[in-house]
There are 2 protein chains.
Amino acid sequence: MVIVMNLDERKKKILSSVVEDYIESAEPVGSKTLVEKYHLDYSSATIRNEMKLLEEAGYLEQPHVSAGRIPSTKGYRYYVDNLMKERKLSMVDINYIDNTINGFGDTDAIFEQIADVVSKILSTPTVITKNNTDTIENIKVVKISDNLLLIVLMSKNGAVKDCIAKLTDTVEDKVIEQMTNILNRDLAGTPIKELHLALNNVIMKDLQAFSNIMDDVVNSIKYEMSKDMKKLNSGMEKILEKPEFSDIDKVKNFINMISTKEVIDSALQKSKDNKLSIVIGSENKEILLNDYTIISLDIEKDNKYLGKLSVIGPKRMNYAKTISTLKYINDKFKNTLTSNKSRNSVKGDNSEKGRR
Amino acid sequence: MVIVMNLDERKKKILSSVVEDYIESAEPVGSKTLVEKYHLDYSSATIRNEMKLLEEAGYLEQPHVSAGRIPSTKGYRYYVDNLMKERKLSMVDINYIDNTINGFGDTDAIFEQIADVVSKILSTPTVITKNNTDTIENIKVVKISDNLLLIVLMSKNGAVKDCIAKLTDTVEDKVIEQMTNILNRDLAGTPIKELHLALNNVIMKDLQAFSNIMDDVVNSIKYEMSKDMKKLNSGMEKILEKPEFSDIDKVKNFINMISTKEVIDSALQKSKDNKLSIVIGSENKEILLNDYTIISLDIEKDNKYLGKLSVIGPKRMNYAKTISTLKYINDKFKNTLTSNKSRNSVKGDNSEKGRR
DNA sequence: GTTAGCACTTAAGTATTGTGAGTGCTAAAA
DNA sequence: TTTTAGCACTCACAATACTTAAGTGCTAAC
């Protein structure tokens with residue numbers, strides 16, 4: 001796919017050292033540092049010559065003439081595709097993930113858990129985008145008390161969402177049954193993204209029949225569905241720690257940018273085929289994102305697409321750790337949605353599908 | 001209660017002008033500014049003499065000798081108690097509140113809505129603390145599908161909380177009924193803060209009877225209840241706009257501080273009698289909070305205490321607007337929890353209790 | 001009691017200089 | 001041909017001195 005440039009071993013070693021040192025230190029890397037810290041058996045002058053060549057070939061760049069080198073977008077890309085070694089997660093992180101993601105709550109709640117965990121481990125903001133081509137499959141309405149109804153929506157792909165409706169009028173069981181039938185008749189098969197419209201139609205058609213009650217129910221569903229994409233700001237505090245954001249204006253710009261739905265949407269549209277997609281710096285079509293990297297993972301359950309989990313941060317991000325964390329979470333997630341038993345003493349494992 | 005110092009009218013006018021100008025501009029206020037902007041019919045020299053006296057009496061302070069004056073804690077306190085004029089909310093804010101707080105979802109969701117709205121309007125972080133002396137009154141368990149249960153907890157004070165439990169085993173209706181009975185028998189009357197312990201006891205006693213199912217249910221409840229106090233970080237981005245937080249270290253300190261549960265707890269313990277409490281700067285016993293003001297409001301429904309809504313920010317906060325916003329929300333909230341009809345065209349108002 | 005006038009203080013902004021990290025190039029060594 | 005020592009050069013950053021403007025407190029006159 002990618003045209004592999006003819007970099008000799010020494011250049012590869014230098015490039016990967018520059019990338020890794022810069023990821024760690026956030027400071028431009030100089031020839032002397034490379035020789036000393038990475039045991040390159042050449043003098044600094046030789047390394048300087050090589051770095052010059054790497055710069056001319058577009059893999060490195062120089063903030064100013066008397067500074068060391070930092071990786072360019074092309075450099076990061078080469079590193080990710082050819083040089084990076086996949087890394088095992090630390091036991092600390094594995095334990096943290098295992099103890100925190102427990103599968104309680106509806107699908108949104110689980111997404112939220114995942115976003116929080118990823119943010120904590122990677123110190124990056126995390127975005128969850130739900131699959132809104134998913135369709136409604138089934139709706140249940142349960143009477144909790146005289147003026148409280150509980151509505152549960154289940155999607156074709158297995159997502160579950162519930163909400164509570166407070167009624168102004170009391171309601172009889174018979175009415176609930178009728179209403180449930182109407183909702184299922186009108187909404188089953190509706191794509192999530194068209195749900196709002198469909199709900200309006202339900203009201204138009206059937207409001208008369210059930211007066212306020214249907215209205216209460218529909219509004220509750222509408223509100224619950226409008227909470228989409230909310231998890232955007234998870235882990236925002238963490239970026240304050242990164243030297244890239246030492247200036248308050250940069251923080252503000254970044255927050256504004258990722259709060260702009262269009263920017264994120266544009267970034268997440270591409271590369272639908274890959275389960276794991278990495279878009280580095282200027283590879284982003286959106287100019288505002290040219291200094292940032294977005295790594296996203298498709299979240300699936302039983303081979304059905306539920307949504308996308310994306311990590312967004314400066315180009316200087318820990319690619320190896322990010323990728324292994326996302327992959328681990330993905331595996332974990334598949335199990336979690338099926339069963340929440342994993343953290344307790346697993347007694348009878350025979351109920352599992354056995355694909356591992 | 002408060003000993004009112006003998007400030008003459010001119011001093012009052014000067015003090016209130018300094019407070020209001022400083023709240024708006026965040027810059028120390030000088031004598032010339034006061035004369036010109038607030039039409040005090042004296043020369044700047046006279047005002048200077050007065051300001052000197054106000055400083056000696058402890059109402060004002062001077063960051064350095066060639067700067068204007070800023071209010072001290074005592075100055076803010078005098079302003080809030082004696083000089084501040086209560087202010088009507090703007091129509092924009094009223095509309096925003098009315099259109100956003102709609103009463104959908106369980107009690108926690110509503111609290112969250114309120115915290116978000118307050119944060120947006122006041123550009124301040126907002127903390128919600130739930131009343132954990134409230135007790136469980138009733139528990140309902142509803143079967144959604146073969147391996148999904150929905151659990152609804154209702155408290156004595158009217159709070160509602162629901163969660164979904166995913167089961168490893170399938171479950172029969174009869175079992176659910178038995179289990180519901182056990183849960184109600186063992187948990188009814190339990191204070192929310194002791195729920196975790198009580199749930200452990202339930203498992204100890206009855207795990208054998210229902211094996212994994214009860215386990216799944218109990219763990220779901222536990223997880224749902226553990227989300228307490230989560231709304232702490234709402235509105236955190238907003239503080240970046242305030243000049244007090246122009247330095248990234250100050251932001252970090254502030255975030256660390258308010259993320260420390262103990263600090264917030266200590267601040268929120270005092271003044272239980274008042275529905276609205278204002279603790280300014282050094283009035284806070286906790287030293288870390290000495291540069292900040294906390295304004296909290298007890299949230300009630302039908303005269304039952306549900307929790308506390310607190311706004312935390314620099315001493316230089318817009319006291320008048322904060323207080324009127326909280327009061328408006330409080331009124332709104334009472335209605336909202338009872339009925340979510342307010343934003344639709346209200347047709348038959350006869351169902352309302354009529355207390356306004 | 002009030003105010004004009006003035007000397008004084010100080011934060012903050014601007015200009016100046018010094019320092020150190022790191023480079024590119026040249027010429028010699030391997 | 002490749003590598004390296006040596007050196008002049010560049011430039012960000014830190015430290016320092018200089019300037020400016022805001023605002024005060026005090027005194028003496030109104």
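All values below come from the heavy atoms of this structure, side chains included, with hydrogens, waters and symmetry mates left out. Naming convention: chains lettered A, B, ... in sequence-line order (proteins, then strands); numbering from 1 in each chain.
- Note: OH (A:Tyr42) to C1' (D:dT3) measures 9 Å, nearest angstrom.
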Practice item. Go through the steps to decide whether A:Glu244 and A:Arg316 satisfy the test salt bridge (charged side-chain N to carboxylate O under 4.0 Å, His left out), and finish with yes or no. Key: CA-CA 9 Å; A:Glu244 277 85 351; A:Arg316 184 189 72 86; 2.5 Å; yes
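- Checked against D:dA5, D:dT24, D:dT3, the side chain of B:Arg69 finds its nearest nucleotide in D:dT24.
- Looking at residues 25-34 of chain A, you'll see A:Gly30, A:Ser31 sit with a heavy atom under 4.0 Å from some atom of DNA chain C.
- Read 5' to 3', the first and last nucleotides of DNA chain C with an atom closer than 4.0 Å to a heavy atom of chain B are C:dT2 to C:dA11.
- Under the 4.0 Å criterion applied to side-chain N and carboxylate O atoms, B:Asp291 and B:Lys315 are not assigned as salt-bridge partners.
- With sequence neighbours excluded, the residues forming a ring pair (Phe, Tyr, Trp, His ring centres under 6.0 Å) with B:Phe245 are B:Phe254, listed by chain and number.
- The distance between atom CD of B:Gln62 and atom C1' of D:dA22, rounded to the nearest whole Å, is 12 Å.
- Between B:Pro63 and B:Ser43, the residue anchored nearer the 5' end of DNA chain C, judged by the nucleotide with its closest heavy atom, is B:Ser43.
- Here the side chains of B:Val118 and B:Leu309 are in contact, with some heavy-atom distance below 4.5 Å.
- Remark: P of D:dT2 and CZ of A:Arg48 are 18 Å apart, rounded to the nearest angstrom.
- Across B:Glu50, B:Glu56, B:Glu55, a single residue satisfies salt bridge (Lys or Arg N to Asp or Glu O under 4.0 Å) together with B:Lys11, and that is B:Glu50.
- Atom P of nucleotide D:dG23 and atom CD of B:Glu61 are separated by 17 Å, given to the nearest angstrom.
- At a threshold of 4.0 Å, the pair B:Asp81-B:Arg77 counts as salt-bridged, since one of the basic side-chain nitrogens sits closer than that to a carboxylate oxygen.
- OP1 or OP2 of D:dT4 sits under 4.0 Å from a side-chain N or O of A:Thr46.
- Between the side chains of A:Thr322 and A:Thr325, no donor-acceptor pair is found at a separation under 3.5 Å.
- Taking atom CG of B:Leu54 as the reference point, atom C1' of D:dT24 lies 15 Å away to the nearest angstrom.
- Distance CG (B:Leu53) to P (D:dT24): 14 Å, rounded to an integer number of Å.
- Side-chain N or O atoms of A:Gln62 include one that pairs as donor or acceptor with a backbone N or O of A:Val65 at under 3.5 Å.
- Whole-Å rounding puts the A:Asn49 CG to D:dT4 C1' distance at 9 Å.
- In terms of phosphate contacts, A:Arg10 brings no side-chain nitrogen or oxygen within less than 4.0 Å of OP1 or OP2 of D:dT2.
- In this structure, B:Thr124 contributes its side chain and B:Ile312 its backbone to no donor-acceptor pair below 3.5 Å.
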